[in-house]
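Have a look at the structure below before the remarks.
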Amino acid sequence: MNSLVATSRNFRQAARLLGLDAKLEKSLLIPFREIKVECTIPMDDGSLASFVGFRVQHDNARGPMKGGIRYHPEVDLDEVNALAQLMTWKTAVADIPYGGAKGGIGCAPGELTKSELERLTRVFTQKIHDLIGIHTDVPAPDMGTNAQTMAWILDEYSKFHGHSPAVVTGKPIDLGGSLGRDAATGRGVVFATEALLAEYGKSISGLTFVIQGFGNVGSWAAQLVHERGGKVVAIGDASGALRNPNGIDIPAIIKHKGAGGVLKDFKGADAMDANELLVHECDVLMPCALGGVLNRENAPDVKAKYIIEAANHPTDPDADEILSKKGVVILPDIYANAGGVTVSYFEWVQNIQGFMWEEEKVNNELQKYMRSAFKNIKGMCRTHDCSLRMGAFTLGVNRVARATLLRGWEA
Ligand SMILES: NC(=O)C1=CN([C@@H]2O[C@H](COP(=O)(O)OP(=O)(O)OC[C@H]3O[C@@H](n4cnc5c(N)ncnc54)[C@H](O)[C@@H]3O)[C@@H](O)[C@H]2O)C=CC1
Ligand SMILES: O=C(O)CCC(=O)C(=O)O
């Protein structure tokens, strides 16, 4: 199912549970602004190449719009729209003073050289610099982008507006980035998993995990699960998938990748069919890569008891229904992966205050926010007798609706 249709369906269900007025519902769904730009750059071989870039600013009722920038061949306006909308509900669930936005460029970052990526990022920034800003819209990394990408955006933006570290988050520490931001999404995923498992009298230690994606989010989630005694029995990325029923040595795989190795070539586990990864036997499944990977084709075969949505919208509504009927507990993306944007908020606060926090403070504050959001989601689940996804959606949508009404924007 198209990601925008799927996300909007979840929103509408939450709006109905909350009894929102039809006019307000419509105004909450429509994005504030959609930006589409052509970015033409010289390639290293002297030829010219054009890429299409997007920034969708979905909602700013609760504060500046916030969300990552994705570099991936499948980026299109609908996908960015869906991701921007998710950011609006996510920042509200996390109770941080932001709205939602998302950006992206349709490109294959792995096929571009570092200098081509730098030129592309700078041209994209030149095209959108007057529409983003510290109190307007604050980008961050997402799939295919990283701290270096944020450094180029910061530098290019600062040429027009003066030195502005708070215009992006997820920056390198040397340019005002926050300690703990690199690990934050994965760490938040693990805090969220602990909060969920505690409800069932369980902990990470002794449970088996399958993780799809071994980039920023997947590698940190795997490392922190491993540190807590969880057994990662299968793992995969775009290169392929691996399994080891005795548990994969995650620090060794991180070392292997750090030395320039490809995940599928790691020797401490057996190769497996990547299509089997999501239906592999385990207690906890963590999709940490693309959207829509759990669908009506594979959902009936999923064996996990718990799914932690570390990726954005990994479960389409058909799969959601099938999995729920099977009794699988799904921790939704707008809560499970909110650790990244929460520490982005801490980074922005540190930049504005000109005062850097210690990593321990960042991690402790993140844990507090994740625990508090889980408690509030459970409260909504009790009030509306609904799933965790609807608990999170009603929590987020209700907060945005309240801010919208208070501003008098519904008319
Ligand atoms: N980076 C962040 O702070 C946040 C990221 N997310 C979400 O988490 C997910 C992952 O993001 P990052 O880790 O930042 O991206 P990344 O670019 O660092 O890593 C992406 C990973 O997905 C893998 N992958 C790509 N295509 C695949 C395929 N077809 N099958 C299996 N694996 C595949 C890649 O090989 C890589 O390991 C995305 O859905 C993103 O929107 C959500 C919140 C914050
Ligand atoms: O850190 C941020 O501002 C945004 C992270 C993001 O793009 C996401 O949560 O999907």
Side-chain angles (χ1 to χ4, degrees), residues 3 56 58 63-75 79-80 82-91 93-94 96 98-104 108-110 132 137-147 149-150 166-171 177-178 180-189 192 210-222 234-242 253-254 257 262-264 273-275 277-278 286-293 308-315 332-348:
S3 53
V56 174
H58 178 256
M65 294 170 283
K66 187 86 188 82
I69 294 185
R70 175 178 290 200
Y71 288 1
H72 192 274
E74 281 164 27
V75 163
E79 172 80 359
V80 179
L83 292 166
Q85 194 195 132
L86 283 175
M87 287 307 306
T88 298
W89 318 134
K90 189 185 302 184
T91 53
V93 166
I96 53 180
Y98 289 136
K102 200 85 174 196
I132 60 171
D137 177 6
V138 182
D142 189 70
M143 266 186 104
T145 57
N146 54 29
T149 324
M150 296 306 114
V167 75
V168 285
T169 58
K171 301 175 287 289
S178 176
R181 174 60 184 88
D182 190 42
T185 309
R187 193 178 295 281
V189 164
V210 167
I211 300 182
Q212 182 192 47
F214 205 69
N216 172 275
V217 180
S219 64
W220 274 109
I235 197 150
D237 71 0
S239 73
L242 300 168
I253 218 168
I254 287 172
K257 279 207 71 192
V262 174
L263 181 131
K264 79 168 171 39
D273 181 350
N275 295 319
L277 189 69
L278 297 171
M286 290 183 169
C288 303
L290 297 169
V293 292
I308 313 295
E309 293 188 336
N312 281 309
H313 70 79
T315 315
D333 47 7
I334 56 171
Y335 166 63
N337 68 33
V341 73
T342 301
V343 175
S344 275
Y345 164 55
F346 301 159
E347 180 173 326
W348 182 79

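In what follows, every heavy atom counts, from backbone to side chain, and hydrogens, waters and symmetry copies are set aside. Just so it is clear, the structure is predicted and the values come from calculations on it, not from any experiment. Whatever order the structure lists them in is the order used to number ligands and atoms, beginning at 1.
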Heteroatom proximity flag, G68 to ligand 2, N/O under 3.5 Å: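 Between G68 and ligand 2, an N or O pair is found under 3.5 Å apart.
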
What distance separates [X] [atom1] from [Y] [atom2], expressed to the nearest 0.5 Å?
X    : Y    : atom1 : atom2 : result
Y345 : I96  : OH    : CD1   : 8.0 Å
I69  : N146 : CD1   : CG    : 12.0 Å
T149 : R70  : OG1   : CZ    : 13.5 Å

Which of these, [options], has its nearest heavy atom closest to [atom]?
atom                    : options          : value
atom 10 (C) of ligand 1 : G170, G213, C288 : C288
atom 7 (O) of ligand 2  : K102, K90, M143  : K102
atom 2 (C) of ligand 2  : A94, P139, A140  : A140

By the definition side-chain contact (heavy atoms from CB on, under 4.5 Å), identify the one residue from V341, I334, D333 that meets it with V93.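 Among the candidates, only I334 passes.
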
Quiz question: by atom type and distance under 3.5 Å, do the side chains of D142 and T145 form a donor-acceptor pair?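 Distance-only check fails for D142 and T145.
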
Please tell me whether S344 and R181 have a donor and an acceptor in their side chains that are separated by less than 3.5 angstrom.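 Yes, side-chain donor-acceptor contact under 3.5 Å.
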
Give me the residue, atom name and distance of the protein heavy atom closest to [atom].
atom                    : value
atom 13 (O) of ligand 1 : V217 N, 2.9 Å
atom 20 (C) of ligand 1 : M143 CE, 3.8 Å
atom 40 (C) of ligand 1 : D142 OD1, 3.2 Å
atom 34 (C) of ligand 1 : A238 N, 4.0 Å
atom 1 (N) of ligand 1  : N216 OD1, 3.7 Å
atom 2 (C) of ligand 1  : T185 OG1, 3.4 Å
atom 37 (O) of ligand 1 : F214 N, 2.9 Å
atom 30 (N) of ligand 1 : Q212 NE2, 3.9 Å

Looking at every non-hydrogen atom in both residues, tell me the closest pair between G340 and T185 and how far apart they are.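 Looks like CA-OG1, 3.0 Å.
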
Please confirm whether [X] comes within less than 3.5 Å of ligand 1 when only nitrogen or oxygen atoms on both sides are compared.
X    : result
G144 : yes
S239 : no
N312 : yes
G215 : yes

With a cut-off of 4.0 Å, which atoms of ligand 1 are near a heavy atom of [X]?
X    : value
A310 : 7 (C), 8 (O), 42 (C)
L290 : 26 (N), 27 (C), 28 (C), 29 (N)
A289 : 9 (C), 10 (C), 22 (O), 23 (C), 24 (N), 32 (N), 33 (C), 38 (C), 39 (O)

Have a look at ligand 2 and work out which part of [X], if any, has a heavy atom under 4.0 Å from it: side chain, backbone, both or neither.
X    : result
V343 : neither
R181 : side chain
V341 : both

What I'd like to find out is whether the side chain of [X] reaches to under 4.5 Å of the side chain of [Y], using heavy atoms alone.
X    : Y    : result
Q85  : H313 : no
W220 : D182 : yes
I253 : L242 : yes
H72  : E79  : no
I132 : P139 : yes
E347 : V138 : no
K102 : L86  : no
V80  : V75  : yes

Report yes or no: does H72 have a heavy atom closer than 4.0 Å to ligand 1?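 The answer is no, since H72 has no heavy atom less than 4.0 Å from ligand 1.
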
For ligand 1, is R181 a contact, meaning one of its heavy atoms is under 4.0 Å away?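 Yes, R181 has a heavy atom closer than 4.0 Å to ligand 1.
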
Near [X], which atoms of ligand 2 are under 4.0 Å from a heavy atom of that residue?
X    : result
K66  : 2 (C), 3 (O)
S344 : 1 (O), 2 (C), 3 (O)
G340 : 1 (O)

Heavy atom of G170, distance to ligand 2 below 4.0 Å: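 So G170 does not count as touching ligand 2.
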
Could you tell me if any non-hydrogen atom of M87 lies under 4.0 Å from any atom of ligand 2?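 Under 4.0 Å: yes for M87.
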
Using the rule given for side-chain contact (heavy atoms from CB on, under 4.5 Å), can you reason through F346 versus T169, listing the C-alpha separation, both sets of side-chain angles and the distance that settles it, and then say yes or no? CA-CA 9 Å; F346 301 159; T169 58; over 6 Å; no

For a side-chain contact (heavy atoms from CB on, under 4.5 Å) check, start with the C-alpha distance between N312 and M143, then their side-chain angles and the critical distance, and finish with the verdict. CA-CA 10 Å; N312 281 309; M143 266 186 104; over 6 Å; no

